[in-house]
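Ligands are counted one by one from 1 in listed order, and the atoms in each one are counted from 1 as well. The model shown is predicted, which means the values in this text are computed figures rather than measured ones.
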Amino acid sequence: MAAHRRPILAANWKMNHGPTAASAFLASFLARYARREDRTVILFPSALAFAAARSAVAERPDVLLGVQNIYSAEKGAFTGENSAAIALDAGAGYVLVGHSERRHVFGETDAQSAEKVKLAAAHGLVPVLCVGEKIEEREAGQTDAVCVRQLRAAFAGLPVETLRDAIVAYEPVWAIGTGRTATPQDASAAHQAIRAELRALAGDAGAAIPILYGGSVNAGNAATLLSAPGVDGLLVGGASLEADSWLAICTAEA
Ligand code: 13P
């Protein structure tokens, strides 16, 4: 991580922690996590636990909230979905877009990611665009090409003012939930390719877009990954579910 960057530690709770568990988690975490000016902490609870999380962080403006998904339309007859406007109204500042589980479990396309990025930006939510290759793509030497394709599909044609506020997360699919973390070298190499494409898409603004690493991050490897050149923060699944390990990750020193 470059010295001037303030790392972002983001917790993606996925389909875990209902309102009761979210409140208990935050009571435990917030009692022990003191505000720090040198990092940004963002939580992505489930949609139904969002209100509980919001109320738990009401006195802690240093702990930010996002939603795990929005639908790729403004509003209307889309039973079960939530829009960017609803997410904003509920108190979200961020939204995950193109997470590998959305792409590979739910079959979401690059085109839908592009629409979601546009809607997020139009409503003042920061999109956290997730990109990353599957194992067979890595083995075929396509890591950079896959990340670049996903970036271009979601970001091409957007004004620099929109891209300036975006965040990217590099999450190799083979590292998610598998215990198989990318090496710091692998993460740095992918982040470098992503950075080059962000510069191509957004010029100088592309140099400042944070690029997070995600995939089997835990309390033991967080500091090493944060120290890897080009890694501006971490997007954490499993290890963000326990207050102890999340606290250790949020206080890890690069
Ligand atoms: P794990 O940390 O459980 O591998 O999940 C990573 C992830 O998908 C975060 O969005």
With heavy-atom distances below 4.0 Å as the criterion, list the atoms of ligand 1 near [X].
X	value
Leu235	9 (C), 10 (O)
Gly238	1 (P), 2 (O), 3 (O)
Ala175	4 (O)
Glu171	6 (C), 7 (C), 8 (O), 9 (C), 10 (O)

- Leu48 CG: over 12 foreign heavy atoms closer than 6.0 Å: no
Look at ligand 1 and say whether [X] reaches it with a heavy atom at a distance under 4.0 Å.
X	value
Ala239	no
Ala10	no
Gly215	yes

- Asp244 and Arg32 ion-paired at < 4.0 Å: yes
- May I ask you to test the Gln150-Arg103 pair for a side-chain heavy-atom distance under 4.5 Å? yes
- Query: Given His99, which of Gln68, Glu171, Glu108 fulfils the side-chain hydrogen bond (donor to acceptor under 3.5 Å, both in side chains) condition?
  - Reply: Glu171
- Item | Contact check: Lys14 vs ligand 1, nitrogen or oxygen atoms, below 3.5 angstrom | yes
- Message: Does any N or O of ligand 1 fall below 3.5 Å from an N or O anywhere on Gly177, backbone included?
- Response: yes
- Between Gly66 and Ala92 the two heavy atoms that sit nearest each other are CA-CB, 4.2 Å
- Query: Do the rings of Phe29 and Trp246 sit parallel, tilted or perpendicular, given the 30° and 60° boundaries?
  - Reply: tilted
- For ligand 1, is any non-hydrogen atom under 4.0 Å from Asn12's backbone (N, CA, C, O), its side chain (CB onward), both, or neither? side chain
- Message: Which residue and atom name correspond to the protein heavy atom nearest atom 2 (O) of ligand 1, and how close is it?
- Response: Gly237 N, 2.8 Å
- Using the side-chain hydrogen bond (donor to acceptor under 3.5 Å, both in side chains) rule, take Glu133 and Tyr170 through it: C-alpha gap first, then chi angles, then the decisive distance, then the call. CA-CA 9 Å; Glu133 80 288 2; Tyr170 169 60; 2.9 Å; yes
For a quick test of your reading: what N or O donor-acceptor pairs under 3.5 Å do the side chains of residues 187-194 make, sequence neighbours left out?
residue: Ser188; atom: OG; partner: Pro184; partner atom: O; Å: 3.1
residue: Ser188; atom: OG; partner: Pro229; partner atom: O; Å: 2.7
residue: His191; atom: ND1; partner: Gly230; partner atom: O; Å: 2.9

